[in-house]
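Counting starts at 1 for both ligands and their atoms, following the listed order. The first residue of the sequence shown is numbered 1, and numbering continues consecutively from there.
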Amino acid sequence: MLMKTLVVIPVRDFADAKSRLEPLLGASRRATLARWLCERTLTFFRDRMPEQDVLVVTACDTIAQLARSYGAAVLREDCSRGMSAAAQLAADWSSVQGYDSQLLIPADIAQLDEAELRILLNHPRPVPSVLISPAHDRGTNALLTTPPNILPFQFGLNSSDQHWHAAHRRGITCSLIQLPKLSFDIDTPTDLSSLVSSSASASTCTPFDARWDLPAGPAHRPIMVQEVPAC
Ligand SMILES: Nc1nc2c(ncn2[C@@H]2O[C@H](COP(=O)(O)OP(=O)(O)OP(=O)(O)O)[C@@H](O)[C@H]2O)c(=O)[nH]1
Ligand SMILES: O=C(O)[C@H](O)COP(=O)(O)O
């Protein structure tokens, strides 16, 4: 039986995003990075998985308009109460809309990969069940819940462990799948250095419009990033 799945992407106001990149990046560059990552995510689902229903959860008018321009549906929060609250709002909504499952993906994955996403979507999915794809820092970079609101959401530090234990405490079938590209989200200066060096080595452009001289520091080498017009 084909399971009806909703991809949910929670997105906070870009002006409040990526606070762990302070003081490496100023407010404007943090917002630029958050928007670039979000648009890459929306582009991926629009172009690589057009058959997939996508819902963006946000309190921000600009993000709501951006999401719709990429063909995503929008669920509005009255204010930002954290990723878990956004996930719960979406899970309640998607359950009412008749979705069998919710696949929550953060908007700051460096490089989504179609084969990896299809591994998650095609994984055996008993009812109820939870499927977790952890981040490299033990966060949760994909969470497939069947039914959508079967589990309390506990995003934050080491959240993949929290979700795993929450499922087991409830006797819910839970699988964990490590996926290399999906495991890499951009949270810290080290993540940013990796993103920039992998973009440079892959000669892919990062559509920023100014040279960024990221200062040398223990967590990263000095990086001269030559941004190029949006590709
Ligand atoms: N809708 C919504 N999305 C959120 C909220 N908080 C975080 N998110 C999103 O959840 C995903 C993961 O969040 P984080 O890794 O904490 O990203 P961030 O908040 O930009 O980074 P930090 O400020 O360093 O915590 C990103 O797509 C965020 O935009 C919220 O309150 N509401
Ligand atoms: O992994 C998570 O729980 C969420 O993405 C938030 O955590 P992060 O800010 O470490 O990604």
Side-chain angles (χ1 to χ4, degrees), residues 6-45 54-67 70 72-94 102-112 130-145 151-167 176-179 182-192 194-195 219:
L6 178 68
V7 166
V8 171
I9 306 169
V11 187
R12 74 188 301 188
D13 191 330
F14 297 138
D16 301 326
K18 300 297 126 199
S19 61
R20 281 168 280 179
L21 292 176
E22 283 185 286
L24 184 68
L25 299 185
S28 169
R29 287 176 170 172
R30 291 199 306 276
T32 298
L33 176 64
R35 179 170 180 136
W36 179 64
L37 288 165
C38 177
E39 291 204 62
R40 270 166 72 93
T41 298
L42 294 170
T43 301
F44 169 84
F45 284 106
V54 176
L55 178 76
V56 167
V57 188
T58 188
C60 175
D61 292 340
T62 303
I63 293 170
Q65 190 176 357
L66 182 71
Y70 280 88
V74 174
L75 182 61
R76 300 303 299 273
E77 300 164 285
D78 51 3
C79 66
S80 294
R81 293 190 172 87
M83 186 177 179
S84 296
Q88 188 59 55
L89 188 68
D92 293 341
W93 184 87
S94 53
Q102 170 176 293
L103 176 58
L104 190 126
I105 304 278
D108 57 0
I109 305 294
Q111 179 70 51
L112 288 170
V130 171
L131 178 58
I132 300 165
S133 190
H136 62 85
D137 64 356
R138 298 171 67 175
T140 303
N141 277 2
L143 183 63
L144 181 65
T145 46
L151 199 69
F153 297 99
Q154 303 174 55
F155 289 102
L157 189 63
N158 299 334
S159 66
S160 61
D161 299 339
Q162 304 302 321
H163 289 131
W164 174 269
H165 292 307
L176 189 138
I177 300 183
Q178 295 272 8
L179 295 166
L182 188 56
S183 68
F184 181 38
D185 57 333
I186 305 300
D187 290 322
T188 65
T190 304
D191 296 335
L192 186 58
S194 303
L195 171 68

Checklist entry - Is ligand 2 less than 4.0 angstrom away from at least one heavy atom of G156? => result yes

Checklist entry - Quick one: which ligand 2 atoms are inside 4.0 Å of a heavy atom on D137? => result 10 (O)

Next on the checklist: Rounded to the nearest 0.5 Å, what separates atom CG in D187 from atom OG in S19?
Outcome noted: 9.0 Å

Item to check | Point-to-point distance, once rounded to the nearest 0.5 Å, from OG1 of T140 to CG of L104 | outcome: 9.0 Å

Checklist entry - Quick one: does Q154 get within less than 4.0 Å of ligand 2, heavy atoms only? => result no

Checklist entry - ligand 1: which residues have a non-hydrogen atom closer than 4.0 Å? => result P10, V11, R12, A17, K18, S19, R20, V57, T58, E77, S80, R81, G82, M83, A86, P106, A107, D108, D187

Checklist entry - Taking atom CH2 of W36 and atom CD1 of I186, what is their separation to the nearest 0.5 Å? => result 8.0 Å

Item to check | R76 atom CZ, over 12 foreign heavy atoms within 6.0 Å | outcome: yes

Checklist entry - Please state which protein non-hydrogen atom is closest to atom 9 (O) of ligand 2 and give its distance, to 0.1 Å? => result R20 NH2, 2.2 Å

Item to check | Within-cut-off N or O pair, D108 and ligand 2, under 3.5 Å | outcome: no

Checklist entry - For ligand 2, which atoms sit closer than 4.0 Å to a heavy atom of T140? => result 1 (O), 2 (C), 3 (O), 5 (O)

Item to check | Per-atom contacts, ligand 2 versus D185 - under 4.0 Å to a heavy atom | outcome: 11 (O)

Checklist entry - How far does CZ of F14 sit from CD of E39, to the nearest 0.5 angstrom? => result 7.0 Å

Item to check | D13 side, atom CG; I63 side, atom CD1 - distance, nearest 0.5 Å | outcome: 5.5 Å

Next on the checklist: Considering R138, H136, M83, K18 one by one, which has a heavy atom nearer to atom 5 (O) of ligand 2 than any of the others?
Outcome noted: M83

Checklist entry - When only distance counts, is N141 in polar contact with ligand 2, meaning an N/O pair under 3.5 Å? => result no

Next on the checklist: Measuring from atom CG of D108 to atom CG of L33, what distance do you get when rounded to the nearest 0.5 angstrom?
Outcome noted: 9.0 Å

Checklist outcome for this item: Those residues at least two apart in sequence (or on a different chain) that pass side chain to side chain donor-acceptor pair (under 3.5 Å) with D92 are Q88

Item to check | Under 4.0 Å to a heavy atom of G139 - the qualifying atoms of ligand 2, by number | outcome: 1 (O)

Item to check | Best match, P134, P10, S159, P106: closest heavy atom to atom 3 (O) of ligand 2 | outcome: S159

Checklist entry - Using the ring of each side chain (for Trp, its six-membered ring), is H136 parallel, tilted or perpendicular to F184, with breaks at 30° and 60°? => result tilted

Item to check | Heavy-atom pair of closest approach, residues L176 and L131 | outcome: N-CD1, 4.5 Å

Next on the checklist: Between D191 and S194, does the side chain to side chain donor-acceptor pair (under 3.5 Å) criterion hold? Intermediate values first, please.
Outcome noted: CA-CA 5 Å; D191 296 335; S194 303; 5.7 Å; no

